[in-house]
Amino acid sequence: MSLCQYTTQFGPCKNEAPEGFQYCETHNTIEKEQKERKKVFNYQLTRFKSRFEELSTNSALKTLSEEVGVLRMVLETCLNRCKDEHDLLLASTQISTLVNSIERLVMSTNKLDINLGQLLDRNKAIQLADEIIQIIVAEVQDEEAVAKVAAQITAAMNRITVAP
Ligand SMILES: [Zn+2]
């Protein structure tokens, strides 16, 4: 007979482990359960990752939203793993870290969303310039003047939209 190898929050377990076993009967079960939970958790994490890789995109906004989704799923899994108050207490640091991360990401996403909404994108700017030229063509009879105005608008557009 040897002592159980399990370390509790109060120090090493003082129970004896049965012959050929590393842990006492109680901790043998706990150890097995924790390994099983870790396996399930890792499996779920892999599944989340592959699901989000399928949705991969270049858009910064889409990426941020996806990250919020992943974090929410991790939080949900984390909460589901807690069977009682003791589990919840043990996981409290992890849970509050997750909640804070989600909050920060949601704020960034909202900010980016507003910024994108207020920006006139390149294609829309080019479309606007085209429409301005059409208006001038329709209203101004002097073809030479129209040609000059159109050239200046085009030049201005190129200056503004040269950067992608
Ligand atoms: Zn033990």
Side-chain angles (χ1 to χ4, degrees), residues 1-131 156-164:
M1 286 283 218
S2 56
L3 279 181
C4 169
Q5 301 293 302
Y6 194 86
T7 310
T8 69
Q9 57 190 123
F10 309 108
C13 173
K14 290 182 178 65
N15 291 337
E16 287 196 335
E19 200 59 50
F21 285 87
Q22 223 181 333
Y23 304 105
C24 68
E25 269 175 47
T26 313
H27 289 132
N28 198 29
T29 315
I30 289 175
E31 186 73 5
K32 267 189 206 156
E33 233 173 75
Q34 282 173 343
K35 272 187 188 153
E36 200 51 45
R37 281 186 186 185
K38 189 139 179 69
K39 244 166 57 186
V40 172
F41 184 67
N42 285 341
Y43 166 74
Q44 284 176 324
L45 214 60
T46 312
R47 219 173 37 130
F48 295 158
K49 277 185 191 156
S50 63
R51 200 175 128 201
F52 279 103
E53 272 163 19
E54 282 169 16
L55 301 168
S56 73
T57 169
N58 293 327
S59 157
L61 185 61
K62 198 90 189 289
T63 306
L64 272 179
S65 305
E66 282 170 12
E67 280 165 6
V68 172
V70 171
L71 281 182
R72 282 192 174 138
M73 280 197 264
V74 173
L75 178 63
E76 197 181 294
T77 307
C78 189
L79 289 174
N80 286 343
R81 277 164 69 208
C82 297
K83 299 288 177 241
D84 52 33
E85 281 177 4
H86 177 72
D87 286 351
L88 209 58
L89 210 65
L90 280 180
S92 62
T93 311
Q94 197 187 1
I95 291 169
S96 69
T97 304
L98 279 168
V99 170
N100 286 337
S101 302
I102 291 170
E103 196 188 331
R104 272 202 310 274
L105 263 181
V106 167
M107 274 164 61
S108 305
T109 308
N110 288 345
K111 245 187 249 166
L112 196 60
D113 202 7
I114 290 164
N115 287 343
L116 288 178
Q118 286 171 345
L119 283 177
L120 186 64
D121 75 32
R122 194 174 188 276
N123 288 338
K124 280 182 189 155
I126 291 168
Q127 192 190 334
L128 178 63
D130 272 347
E131 285 183 23
M157 283 304 304
N158 286 341
R159 277 201 308 276
I160 294 163
T161 63
V162 74

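Remember, it's 1-based here, ligands and their atoms both numbered in the order they're listed. Just so it is clear, the values below take in all heavy atoms, side chains as well, and ignore hydrogens, waters and symmetry mates.
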Practice problem: Fit a plane to each ring of His27 and Tyr6, take the angle between them on a 0 to 90° scale, and name the class: parallel (under 30°), tilted (30 to 60°) or perpendicular (over 60°). | Solution: parallel
In this structure, CG of Asn100 is separated from CD1 of Ile95 (nearest 0.5 Å) by 12.0 Å
Rounding to 0.5 Å, atoms NE2 (His86) and CG (Leu90) come to a distance of 4.0 Å
Are Val106 and Arg72 close enough that some pair of their side-chain heavy atoms sits under 4.5 Å apart? yes
side-chain contact (heavy atoms from CB on, under 4.5 Å) test vs Cys24 passes for just one of Thr29, Leu3, Ile30, Asn15, namely Asn15
Atoms listed for the Zn ion (ligand 1) (protein only, N, O or S, under 2.8 Å, no waters) are Cys4 SG, Cys13 SG, Cys24 SG, His27 ND1
Across all chains, not counting sequence neighbours, the salt bridge (Lys or Arg N to Asp or Glu O under 4.0 Å) partners of Glu85 are none
